[in-house]
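First up is the structure itself, then whatever we jot down about it.
Every number for a ligand or one of its atoms is a count from 1 in the order of the listing. Residue indices begin at 1 and follow the sequence shown.
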Amino acid sequence: MSKKILDWNEYIEKSAETVSEGIVMLRNENNALPLSPDEEVAVFGRIQLHYYKSGTGSGGLVNVSKVIGVTDGLIERGIKINEELLEVYKKWDEQNPFDIGAGWGQEPWSQTEMPVEDSLAAHIAEKCSSAIAIIGRTAGEEQDNRNVKGAYLLSDGEEQMLAAVRKHFKKLIVLLNVGGIIDMSFVSRYSPDAVLYIWQGGMVGGLGTADVLTGKVSPSGKLPDTIAYSVSDYPSDKYFGDTERNFYSEDIYVGYRYFETFAPERVMYPFGFGLSYTEFEIKLLSSQILADKAHLTVSVKNIGTVSGKEAVQLYASAPQGSLGKPAKILCGYEKTKLLAPSEEQEVTFDINFSDLASYDDSGAAGHRFCYVLEKGEYKFFCGTDVRSCEEYLSVVIPETKTVKQAKQAMAPVLPFKRMKPVAENGKLAVGFEDVPLSEINETARRIDALPTELPYTGDKGIKLADVRNGKNTLSEFIAQLSDYDLSCIIRGEGMGSPRVTPGTASAFGGVADSLTGFGIPCGCCSDGPSGMRLDCGTKAFSLPNGTLIASTFNKSLVTELFKLMGREMSANKVDCLLGPGMNIHRHPLNGRNFEYFSEDPYLSGTIAAAELMGLHSEGVTGTIKHFCGNNQETNRHNIDSAVSERALREIYLKGFEIAVREGGADSIMTSYNSVNGLWSAGNYDLCTTILRDEWGFKGFVMTDWWANINERGKPVDKSDFAAMARAQNDVYMVCADGGKNNDNTLASLENGTLTRAELQRNAANICTFLLGTHAMDRLCGITEEVEIINRHDENLSDSSEEVTFYNLDGTLVIDGSDIRTDRGSDFIFALDVSDLGLYRIILTGSSEQSELAQIPVTVFSMGTPCGSFTWNGTGGLPVSFECSTNCFSRFTTIRVYFAQSGLKLHSIKIEKA
Ligand code: BGC
């Protein structure tokens, strides 16, 4: 048995460091920042008492004991805060409680702001010259942001606050505690001296923020998205938010690819931009063009007066050719080490030309379904944002060449127009062309490549451990599985399966007794992406959100942070984190942008790869999600993304490809939506042709929770596990019981629409993955103990409520109508049992929330979880779940924990089993 240490203090410091490196400073005038150590600062905005550590939904449900917000962080880092103002906010907040909303996906985007009386601002300004004003936003699963006041736009209350503070204070510093970008027109209205995106920094976000404000750390975060003047400037705006079909007519011209090509004047802050307290000079030292790559070495020198880091960015441009190209694409970036004034560092870039190739889906370049480098001039630009970078090198490719042959896959089936540059008065203007349509038949392609069946051997006594020890082959092992076993292994069990860590999202692998009999362990998945979501109330570390992490432009730092996360997962026996989320920030209003990284696929892919490398170094993994084209929350379950194959390959699949090829991704979650008419969960070309055949993916694929499945031309059928299995989407997440479920697998085997060989292939993918997990280690008697040290919040109990005793003599029914079920509440009661033995606990509740709402409830008996259930929206109808507990002694304490609001509890019934 080996033992590892996870030092909570190191976790806190690494997380705070990540926050301080991800904060993006957009403006700093009048020497507003850093704050001087002896000045007293006035903090405005109620968010100082309610820091948003993340957005909402599955990615926002990490239970923490404490969140360190901006004010706490400043105090902890020794800055004097104006106490009088803080007290005013605390009092007002007491009288105007924070609105937690009505549950899953129902949290308000912002909170009512405290009106700032002119006299109050004037009075406080007599003592303080600097004021910090904090604006906070949340959004998340099932709730896109909207271009309305209090969401993408500032609320009237926030405008009033900024106006009053601006009027009286010499220096106004605006901090944006938000998941993604918001409207920035307030900058011209109030001319704040400093503006910083502090994003959502997880449970210790306030510490990293304070480190930047005090100057302990010079900001070095860079925008992972373009900030345009208005939401309508984004090219996807016309199509985003449709409830049935979203046409991706802007094609590959997403974010800066659009703005730099067609509309540079609509950009307020360019992609990659972010200020520092110091200045850097970048110079080209050497460059070389080799047969298949460009090699550049630049020097980065700190020419300012304080130490700092810089994120050097390399962009490339390609000739317009016949396909059309964006003005620039990001092809490399590096964060320097901490450079003292006058210190200098060399940074080297090696760029493969093949990474600059375009996908010819129309045949316009003469090489249909190939990645091509069209003839002409390729240029490389280096600098600190997409706009100001300078040309350093150029190379002419004399003849168009193909760098990779692919197969047409996932192409549109419905005609629509897509954007393509046209030359107009010596400039590029927006033109449109017809999108090339699919010419293939996925079913025929699949049937042509059917795997060969392993003849059924029955149980030969081979356990999975024998494969691991090299005694038997995986094929010999799989050949033993019966049709029934194979039908079970493609079922994920959850949420809150008792087979794995309590309160987690799913168990997979050994989810039926016959499978565990073969020595197949249960893998455990937990949300994700910014910390573990443990619905039974267990506390975990909450990390900074995806947008912040991408803004660091620092791969090694991200790897270090996720190594700690990996260790925490090991300590909790979690094998797969359900993250990183890596859908493209196609539109600023996507509710889940906070979980994702960027509008750019290269940045998204490389940051995801960095996270995975950290997790892998601890023997656990992340699940890259949502594969693919899941770029809006509105009607996310039913929305079709109509996208060209070129845009898929160059934008929406690209980041995933990088995470697979460079990050060694071995677990993927498909998305809820359909792409060009086929739901991802049953999409053969997505999960096989592209993912495995082209990219060489060797891991396993799971669906999103309760995802839709269909086959081309057939209606949606959630029980069509056969379509899923055929596509090589290996596991359906989630079923209540892995051993029995109402799906069509066995019937499809019988009628020949699914082969045993296809199921054996799923089983092999799942088992190959499980062979490398700690779950498998444990089955083989290898245990790795992780001791968490310096965790001051350990064993904290959430509840101090009075416990009511009920006599249990036969059957007991507790009326649920008076029980508080809002997020984080507990209902604790004790049973006085006259007849000891096994009892059933049946909870009945209903919810008016959406069909996909997740309302997790965990039942603990004497502190041990005995059931964890997730209600979805029930349309108001009562739905029951049951678990059981042994009442060994006269008194048994039961705790029911509600991890999310939105459930109307009807009753709790307890009866002898
Ligand atoms: C989300 C996934 C999440 C899953 C499990 C779904 O609603 O889309 O991202 O991992 O739930 O909580």
Per-atom contacts of ligand 1 with R592, taking only distances under 4.0 Å to non-hydrogen atoms: 1 (C), 2 (C), 8 (O), 9 (O)

Is [X] in contact with ligand 1, taking contact as a heavy-atom separation below 4.0 Å?
X	answer
M495	yes
R533	yes
L852	no
M669	yes

Counting non-hydrogen protein atoms only, what is the nearest one to atom 1 (C) of ligand 1? Give residue, atom name and distance. E141 OE2, 3.1 Å

Nearest to atom 9 (O) of ligand 1, what protein heavy atom do you find, and at what distance? H626 NE2, 2.7 Å

Where T538 and N63 come nearest, the two heavy atoms and their spacing: O-CB, 3.5 Å

I need the contact type for M702 against ligand 1. Using non-hydrogen atoms and a strict under-4.0 Å cut-off, is it side chain, backbone, both or neither? neither

Of the backbone atoms (N, CA, C, O) and the side-chain heavy atoms from C-beta on, which set of E142 has a member under 4.0 Å from an atom of ligand 1: side chain, backbone, both, or neither? neither

Between R592 and S58, does any side-chain donor sit less than 3.5 Å from a side-chain acceptor? yes

If you measure only the distance, is there a donor-acceptor pair under 3.5 Å linking the side chains of S671 and S680? yes

Of all residues at least two apart in sequence or in a different chain, which pass the side-chain hydrogen bond (donor to acceptor under 3.5 Å, both in side chains) check with S901? none

Applying side-chain hydrogen bond (donor to acceptor under 3.5 Å, both in side chains), name anything that partners D237, two or more places apart in sequence or on another chain. H587

Establish, yes or no, whether a centroid distance under 6.0 Å links the rings of F700 and F508. yes

